[in-house]
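First up is the structure itself, then whatever we jot down about it.
Here the structure is a predicted model, which means the values were calculated and not measured. First listed ligand is number 1; within each ligand, the first listed atom is number 1.
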Amino acid sequence: MKRRTAILISGRGSNMVSLIEAAAAPGFPAEIALILSNRPDAGGLARAAAAGLATATIDHKAYPDRESFERALDEALTQAGIELVCLAGFMRVLTPWFVERWTGRMLNIHPSLLPAFRGTHTHERALAEGVLIHGCTVHFVVPELDAGPIVAQAAVRVLPGDTPETLGARVLAQEHVLYPQALRMVAGGLVRLENGRVVRALGGG
Ligand code: GRF
């Protein structure tokens with residue numbers, strides 16, 4: 001049985017597209033059952049609809065507080081029978097209440113080699129620090145921002161003359177490869193979270 005998976009987005013949704021494309025393969029252990037955006041104008045919504053997928057918008061601005069927004073989010077996921085959640089450029093900080101409900105079942109992709117460069121502007125900061133290796137990370141989501149146990153990482157060499165844009169573009173290309181691999185491992189049961197630590201079966205990276 002394929003695991004019913006939701007992708008949460010706020011923007012253009014290029015990682016979402018890579019997950020949708022990977023999940024279209026017959027043997028892939030997850031099916032993308034819902035695309036949820038907190039922004040009605042997210043470019044990814046049209047791309048998801050064009051792929052024939054169910055989409056929904058839960059506009060955080062329509063809710064008086066974070067908790068009521070998250071209750072609506074949780075209800076939409078539960079109603080759709082969702083088992084796994086992939087955050088893909090989802091720009092809302094989630095409360096411990098929501099994160100704990102989805103512990104071990106919610107992934108995020110971050111454009112750096114965590115634990116380096118949590119937060120935003122990761123490519124600018126990597127260049128400013130002069131690192132030679134940069135990259136991206138897929139991790140289980142925990143209440144602390146960009147801090148969860150690591151499922152998979154991909155490294156990118158920093159090249160002379162790189163700008164945040166050129167470096168970011170090479171990292172993004174790796175994100176599009178890495179996120180489907182990570183979802184395959186988690187949905188297929190090769191990687192799981194146990195007592196706050198990642199447990200890997202043979203073949204789990
Ligand atoms: C990606 O760089 C991802 O790592 C970060 O937000 C960006 C989302 O891009 N979390 P996209 O919407 O998937 O194109």
Side-chain angles (χ1 to χ4, degrees), residues 5-24 30 32 34-51 53 55-60 73 84-94 98-99 102 105-129 131 133-158 162-186 205:
T5 302
I7 306 175
L8 271 52
I9 62 168
S10 301
R12 66 189 164 179
S14 72
N15 277 288
M16 174 202 74
V17 169
S18 75
L19 291 169
I20 291 171
E21 287 175 357
I32 309 305
L34 180 63
I35 307 296
L36 258 175
S37 172
N38 68 308
R39 296 183 54 125
D41 60 349
L45 283 172
R47 300 172 84 175
L53 294 171
T55 64
T57 299
I58 299 182
D59 186 349
H60 62 276
L73 208 57
L84 293 174
V85 173
C86 291
L87 306 182
F90 183 69
M91 300 305 282
R92 298 300 294 170
V93 173
L94 295 164
F98 185 88
V99 170
W102 291 90
R105 302 184 296 149
M106 182 157 61
L107 301 174
N108 180 45
I109 187 155
H110 182 75
S112 78
L113 289 175
L114 291 173
F117 308 120
R118 293 173 179 169
T120 57
H121 301 104
T122 54
H123 311 309
E124 284 93 324
R125 288 160 56 211
L127 288 174
E129 291 292 344
V131 299
I133 305 287
H134 185 44
C136 49
T137 303
V138 175
H139 62 94
F140 284 109
V141 177
V142 296
E144 197 183 338
L145 201 61
D146 301 330
I150 291 167
V151 173
Q153 293 187 304
V156 168
R157 200 174 287 281
V158 178
D162 256 338
T163 63
E165 290 70 33
T166 59
L167 179 58
R170 290 205 310 289
V171 171
L172 189 64
Q174 288 304 309
E175 292 183 36
H176 296 160
V177 177
L178 188 71
Y179 212 171
Q181 286 174 352
L183 176 59
R184 172 185 281 122
M185 293 190 294
V186 171

> side chain to side chain donor-acceptor pair (under 3.5 Å) with Thr137: which residues, sequence neighbours excluded?
Replying inline: Gln153

> Of all heavy-atom pairs between Cys86 and Thr5, which one has the smallest distance, and what is that distance?
Replying inline: SG-CG2, 4.0 Å

Any protein N or O within less than 3.5 Å of an N or O in ligand 1? List each pair with its distance, or say none.
residue: ligand 1; atom: 2 (O); partner: Glu175; partner atom: OE1; Å: 3.3
residue: ligand 1; atom: 2 (O); partner: Glu175; partner atom: OE2; Å: 3.2
residue: ligand 1; atom: 4 (O); partner: Glu175; partner atom: OE1; Å: 2.7
residue: ligand 1; atom: 4 (O); partner: Glu175; partner atom: OE2; Å: 3.3
residue: ligand 1; atom: 9 (O); partner: Arg12; partner atom: NE; Å: 3.4
residue: ligand 1; atom: 9 (O); partner: Arg12; partner atom: NH2; Å: 3.2
residue: ligand 1; atom: 10 (N); partner: Ile109; partner atom: O; Å: 3.0
residue: ligand 1; atom: 12 (O); partner: Gly13; partner atom: N; Å: 2.9
residue: ligand 1; atom: 13 (O); partner: Ser14; partner atom: N; Å: 3.3
residue: ligand 1; atom: 13 (O); partner: Asn15; partner atom: N; Å: 2.8
residue: ligand 1; atom: 13 (O); partner: Asn15; partner atom: ND2; Å: 3.0
residue: ligand 1; atom: 14 (O); partner: Arg12; partner atom: NE; Å: 2.4
residue: ligand 1; atom: 14 (O); partner: Arg12; partner atom: NH2; Å: 3.4
residue: ligand 1; atom: 14 (O); partner: Ser14; partner atom: N; Å: 2.8
residue: ligand 1; atom: 14 (O); partner: Ser14; partner atom: OG; Å: 2.5

>> List the residues meeting side chain to side chain donor-acceptor pair (under 3.5 Å) with His176, not counting sequence neighbours, and say none if there are none.
In response: Ser14

>> List the residues meeting ring pair (Phe, Tyr, Trp, His ring centres under 6.0 Å) with His134, not counting sequence neighbours, and say none if there are none.
In response: His123

>> Can you give me the closest heavy-atom contact between Ile35 and Ala48, atom names plus distance?
In response: CG1-CB, 3.5 Å

> Looking at Ala182 and Val138, what are the two nearest heavy atoms and their distance?
Replying inline: CB-CG1, 3.6 Å

